[in-house]
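Along the sequence shown, residues carry numbers from 1. Below, each value reflects all heavy atoms present in this structure, side chains not excepted, and no hydrogens, waters or symmetry copies.
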Amino acid sequence: MPNTSLRSANAPSSANAARRGPLATPAEVAAYLGVPVKTLYQWKYRGIGPNVHKVGRHLRYRWSEVDAWVNAQSAYDLTA
């Protein structure tokens, strides 16, 4: 019988993601992407960066959404 728990369905896709934890600070995401934190704030303002969530007064990113955003930024269409 397949395991249908939410935890396994939302499990990170890589070993690296498993070590990161579910949420990241802007500084962690900036270091991961190799951009300044200020760039993340500009992307948030323009609505073009990874999806960001407010936790209280703090901004947090879901690693799974950051990875999905990076994958969507591919310069080449590999399906053609």
Non-neighbouring partners of Arg62 that pass salt bridge (Lys or Arg N to Asp or Glu O under 4.0 Å), sequence neighbours left out: Glu65
Any salt bridge (Lys or Arg N to Asp or Glu O under 4.0 Å) pairs touching residues 32-49, not counting sequence neighbours? none
Supply the atom-to-atom distance His53 NE2 to Leu59 CG, rounded to the nearest 0.5 angstrom. 10.5 Å
Pick out which of Tyr61, Trp63, Trp43 makes a ring-ring contact (aromatic ring centres under 6.0 Å, His included) with Trp69. Trp43
Would you check if Leu33 and Leu40 make a side-chain contact, meaning some heavy-atom pair closer than 4.5 Å? yes
Treating Ile, Leu, Val, Met, Phe, Trp and Tyr as nodes and any side-chain heavy-atom pair under 4.5 angstrom as an edge, say whether Val55 and Val37 lie in one connected cluster. no
Closest non-hydrogen contact found for Pro36 with Ala30 is C-CB, 4.0 Å
Does Ile48 share a hydrophobic cluster with Val70, counting links as ILVMFWY side-chain heavy atoms below 4.5 Å and allowing steps through other members? yes
Single-linkage hydrophobic cluster, 4.5 Å side-chain cutoff, Val66 and Leu23 together: no
For a 4.5 angstrom cut-off between non-hydrogen side-chain atoms, does Thr25 reach Arg60? yes
